[in-house]
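Data block below; observations after.
For clarity, every value in this text was computed on a predicted model and none was experimentally measured. Both counts, for ligands and for their atoms, begin at 1 and track the order of listing.
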Amino acid sequence: MPDEIGKESAVTNTPVDARSVAASWLVEFERVLSKRKIDGILSLFTQDGSWRDLVAFSWHIHSWANPKQIAAALENHLESIGPHDFHLDARAAPGCVPRAGRDVIEAFYTFATRTGKGEGVVRLVCDLDGQYRAWTLLTALNSIQGHEAHIGANQREHSDFDDGFGGTGYITNRKRHLRYSETEPTVIIVGAGQAGLSVAARLRMLGIDALVIDRKARIGDNWRDRYRGLRLHTETPVNHLPYLPFPETSPRFMSGAMFGDWLESYASIMELTVWTGTEFLGGEYNDEAERWSVRLRRADGTIRTLRPKYLVIATGLSDLPNIPQIKGIGAYEGQACHSSQFKCLDDYTGKSAVVFGAGTSGIDVAHDLCKRGAKVTVVQRGPMTVVNLDPTALVQFSLFSCGIPTEICDLMANADPYPVLLKTHKELTNSIRLQDKQLIDDLERAGFRTHYGMDDTGNVIQYFRSGGGYYLNVGGAELIIEGKIQVRQFEEVSHFTKDQIVWSNGSADTVDLVVFATGYKNFTAVLDAWFGTDVAETIGQVWGFDQGGELSNMYKRTEQPGVWFIGGGVLHSRSYSLYLALQIQACELGLMPIRLGELDRA
Ligand SMILES: Cc1cc2nc3c(=O)[nH]c(=O)nc-3n(C[C@H](O)[C@H](O)[C@H](O)COP(=O)(O)OP(=O)(O)OC[C@H]3O[C@@H](n4cnc5c(N)ncnc54)[C@H](O)[C@@H]3O)c2cc1C
C-alpha cells in the first residue's frame, strides 16, 4: 500500500500526513453536504474537479466532468440521497501517489445514504492557496440497508434449496426450480460467460431469482470453442469472479479452456440456475405489466416462452460476425470461416492461410497456424495498437498482484471520471511508447502499421471505444518481424479465384484456408432481430463512450425499460455486476423506477 507519510506539499515543502489531510477533507465534505450548500461543496473541489458516481448518489452511472456538472447533479440528488457518516476505509491506508501526471493524496472511504452503504475514492491535490481539494471523487453504492447480500455476517443459515429433514431434498428442489414449470424468473440473463454468471451470482446473493441461458452445450464452451492456443491476457488475480477467488494453485496465466472449466464450476458452487443449449430468440415488452414475454429455443428444439421483469444481455456484446465484402470470395472453394467458428487442426504443414484482421484474434490465429506449419499472410485494414503483453501491458493491471484486496483494486480501477480516464491512459501510453519502441519500429519496418489511437490513449481506450483495435503481443509480433508471418494491407487485395488470392499488383498466392478475424457487427443489428427496429432504435448505441463519458447503455438502465447490458473483461464483469444487481434490487424494492427519468438523462 502507499506510504502514509508521503511527498512534500507543493506549496509548503513540508512532509504531508496523507491520513490527516484525507480525514480532514472528509469531515469538511460531510459538514458542507449536510448544510446542502452547493457553493460550499464546490469549494472543496479543484477548478477542474470531477466526480464519478456508481449508483450511490444518482441511482445511475455518471461522470460529472467539472464543477458546473457537479453542482447540477447535487441540486438534483443531494436532498433525497442524504449522504452522511463519512470515514476512512479501514481496508486501505491513504497515501501520496502519482495519478495521471499529478501528485495526489489518494484515500478510500465509506459512507452511508438514506437507503444504503457506499464506498469511494477521493484524490486530493494541493491547490495554489495551500488547501487540499478534491481533483477526483468516486462514490459507489455497496449495499441497500436491510437487504444486504447473503455474505459474511449476513450468511444464510442454509441454502434455500435445502429443506432439511422430511423435505424433498437439495437435488430434487434444485431440479424442480430449474424447470420453471410453476414460476417465472424475475430476471433472465442471456449469456453464461463471465458477465452473465457474475451478475447471476450477485442477484442470487441478493435473493433475486435469475435464470441464465446460453446457446452453447456446456457452460464454458464460449472459451473452449475458441482457438486452442488462447491464454488469458491478464494475470489470474485480475480475473477473480465475485465471491470466489481462484486458489493459489492457479497458474499466473490461464488457458481459455481452463477458464471455461472454472466458469462451469463457479455456476455449480454459486448454485446458479442455467439452461444451456438454449437460444434467446427475442421478445416483446408489455408496458402495462412491466414484464417481458421472451422466446427461448431449448436444446430439443422446443420453444419456451417466459415472462421475466428484467432482461440482462450478457452475450459478449454483438456475436454477429462482421465479414468484409471481397470480390470473388463466393467463387473461392477452399475453407473459409470467421475466427469465432475457426477450429484449428493439428498440422498445417504445406498449407497456405490468409487471415483477415490484425487484432488480437487475427494475430493469435496467425501465430497458432504458423506454429502448426502453415504459410500465413495477415491482411491488415488499418493501423493497430500493439503492446507487448509482458511486462508492458501487465503494468496496467499490476495493482491486482500487489496483495491489495480485490474490492479496493476495483474501486481504484473505477475511480477515474471520463476526463481523467483519458489523461490516465495518455500518461500510460507515453511510457508504453518508450518501453515498446524497438518492437514498434521493427513492426513498421516489416510493413505492419501501428498507432496508439486517435488521441494517443492506447489499447484500453481503444477497447472501450470499439471493443478491439489492438494486439497484446504474445509472440505474434516477432513472427511478423522475422517474416514468418507475412503482412499485406487490405488495399493490396484484388480478388479471390477458386483457389487463389490475387493481389492488386497482379501476383497471386494459392490459399487453402481463409480466416476472417474481422470482429463483430454493431449490436443494433442483434437488437433489431430480437426486438424489432423500434426497440433497437430506442436503445441506441451499446458500448463505446456516450456524451457523458460513460460506456453507452452499459451496466445501467436503458431507454427501453427492463433491458440491461453487461460485458467487458472479467474485471468489468466482476465489479459492474454489483452495481447492475443493486439497481435491479432497487427497482424491485421500489427505490428507483424501472424507467429512466429526466434526472437520469441530465
Ligand atoms: C486471446 C484473448 C484473450 C483474452 N484475455 C482476456 C483476459 O485476460 N481477461 C479478460 O478479462 N478478458 C480477456 N479476453 C476478452 C474476453 O473474450 C471477453 O472479455 C469475454 O469473453 C467477454 O465475456 P462475456 O461474458 O461478456 O461474453 P462471452 O464470453 O462472449 O459470453 C457470451 C455468451 O453468450 C452466449 N450467447 C450469445 N448469443 C446468444 C443467444 N442468442 N442465446 C443464448 N446465448 C447466447 C454465447 O454462447 C456465449 O457463451 C480475451 C479475449 C481473447 C480473444
Show the atoms of ligand 1 that are less than 4.0 angstrom away from any heavy atom in Gly567. 26 (O)
Heavy-atom pairs closer than 4.0 Å: do any link ligand 1 to the side chain of Leu281, the backbone, both, or neither? neither
For Tyr463 and ligand 1, does the shortest N/O to N/O distance drop below 3.5 Å? no
Do the side chains of Arg218 and Glu264 get close enough for a salt bridge, i.e. N-O under 4.0 angstrom? yes
CG (Leu513) and CG (Leu369) are apart, to the nearest 0.5 Å, by 6.0 Å
Would you call Arg291-Glu284 a salt bridge at under 4.0 Å N-O? no
Nearest-contact summary for atom 21 (O) of ligand 1 - protein heavy atom, Å: Arg226 NH2, 3.2 Å
Lys/Arg-Asp/Glu bridge criterion (N-O < 4.0 Å) met for Arg465, Asp455: yes
Under the ring pair (Phe, Tyr, Trp, His ring centres under 6.0 Å) definition, can you give me all pairs with a residue in residues 352-387, not counting sequence neighbours? Phe356-Phe516
Output the list of atoms in ligand 1 that are nearer than 4.0 Å to some heavy atom of Asn222, sorted by atom number. 28 (P), 29 (O), 31 (O), 48 (C), 49 (O)
Under 4.0 Å, heavy atoms only, figure out whether ligand 1 is touched by the backbone of Asp364, its side chain, both or neither. side chain
Side-chain ion pair, Asp364 and Arg226, N-O less than 4.0 Å: no
What is the closest protein heavy atom to atom 14 (N) of ligand 1, and at what distance does it sit? Trp223 CH2, 3.8 Å
Which residue holds the protein heavy atom closest to atom 5 (N) of ligand 1, what is that atom called, and what is the gap in Å? His233 N, 3.2 Å
Kindly indicate whether a cation-pi arrangement holds for Arg202 with Tyr243, taking the cut-offs as under 6.0 Å to the six-membered ring centre and within 45° of the axis. yes
When distances are taken from atom 44 (N) of ligand 1, the protein heavy atom at minimum range is Arg215 N, 3.1 Å
For atom 52 (C) of ligand 1, which protein heavy atom lies nearest, and how many Å away is it? Leu230 CD1, 4.1 Å
Between the side chain of Ser431 and the main-chain N/O of Leu428, is any donor-acceptor distance below 3.5 Å? yes
Using a 4.0 Å cutoff against the non-hydrogen atoms of Arg231, which atoms of ligand 1 qualify? 3 (C)
In this structure, which one of Val386, Val378, Ile363 forms a side-chain contact (heavy atoms from CB on, under 4.5 Å) with Ile480? Ile363
Heavy-atom gap His572 to ligand 1 smaller than 4.0 Å: no
Just need the protein heavy atom nearest to atom 42 (N) of ligand 1, so name the residue and atom and give the distance. Phe280 N, 2.8 Å
Mind checking whether Trp530 has a heavy atom under 4.0 Å from ligand 1? yes
Atoms of ligand 1, numbered as shown, that sit under 4.0 Å from any heavy atom of Thr360: 1 (C)
Any N/O of Gly196 closer than 3.5 Å to an N/O of ligand 1? no
Run the side-chain donor-acceptor check on residues 184-201: report pairs under 3.5 Å with partners two or more places apart or on a different chain.
residue : atom : partner : partner atom : Å
Glu184  : OE1  : Arg307  : N            : 2.7
Gln194  : NE2  : Gly568  : O            : 3.1
Ser198  : OG   : Gln194  : O            : 2.6

Element-labelled atoms of ligand 1 that are located less than 4.0 Å from some non-hydrogen atom of Val570: 10 (C), 11 (O)
Inspect the contact between Glu279 and Arg295 and indicate whether a charged nitrogen and a carboxylate oxygen are less than 4.0 angstrom apart. no
May I ask you to identify the nearest protein heavy atom to atom 34 (O) of ligand 1, giving residue, atom name and distance to one decimal place in Å? Gly191 CA, 3.2 Å
Quick one: does ligand 1 sit under 4.0 Å from the side chain of Ser573, the backbone, both or neither, non-hydrogen atoms only? neither
Just which atoms of ligand 1 are under 4.0 Å from any heavy atom in Lys216? 47 (O)
Check for me whether Gly568 has a heavy atom closer than 4.0 Å to any atom of ligand 1. yes
Under 6.0 Å between the ring centres of Tyr576 and Trp564? no
So for Val238, does at least one of its heavy atoms come nearer than 4.0 angstrom to any atom of ligand 1? no
Kindly say whether Phe253 contributes a backbone atom to a donor-acceptor pair with the side chain of His233 at under 3.5 angstrom? no
Contacting atoms of ligand 1, where contact means under 4.0 angstrom from a heavy atom of Thr315: 32 (C), 34 (O), 36 (N), 37 (C), 38 (N), 39 (C)
Parallel, tilted or perpendicular: which one describes the rings of Tyr463 and Tyr470, with boundaries at 30° and 60°? perpendicular
Nitrogen or oxygen of Thr234 less than 3.5 angstrom from that of ligand 1: yes
Salt bridge flag under 4.0 Å for residues Asp416 and Arg99: no
Please state which option from Gly277, Ser339, Gly316 has its nearest heavy atom closest to atom 27 (O) of ligand 1. Gly316
Using a 3.5 Å distance criterion without hydrogens, assess whether the side chain of Gln583 forms a donor-acceptor pair with backbone atoms of Tyr555. yes
Nearest non-hydrogen protein atom, atom 22 (C) of ligand 1: Gln194 NE2, 3.3 Å
Test applied, ring pair (Phe, Tyr, Trp, His ring centres under 6.0 Å); reference residue, Trp292; option that passes from Trp530, Phe280, Phe531, Tyr310: Phe531
For Met254, is the nearest heavy atom under 4.0 Å from an atom of ligand 1? no
Counting heavy atoms under 4.0 Å, the part of Phe397 that contacts ligand 1 is neither
One finds that the ligand 1 atoms under 4.0 Å from a non-hydrogen atom of Gly193 are 25 (O), 31 (O)
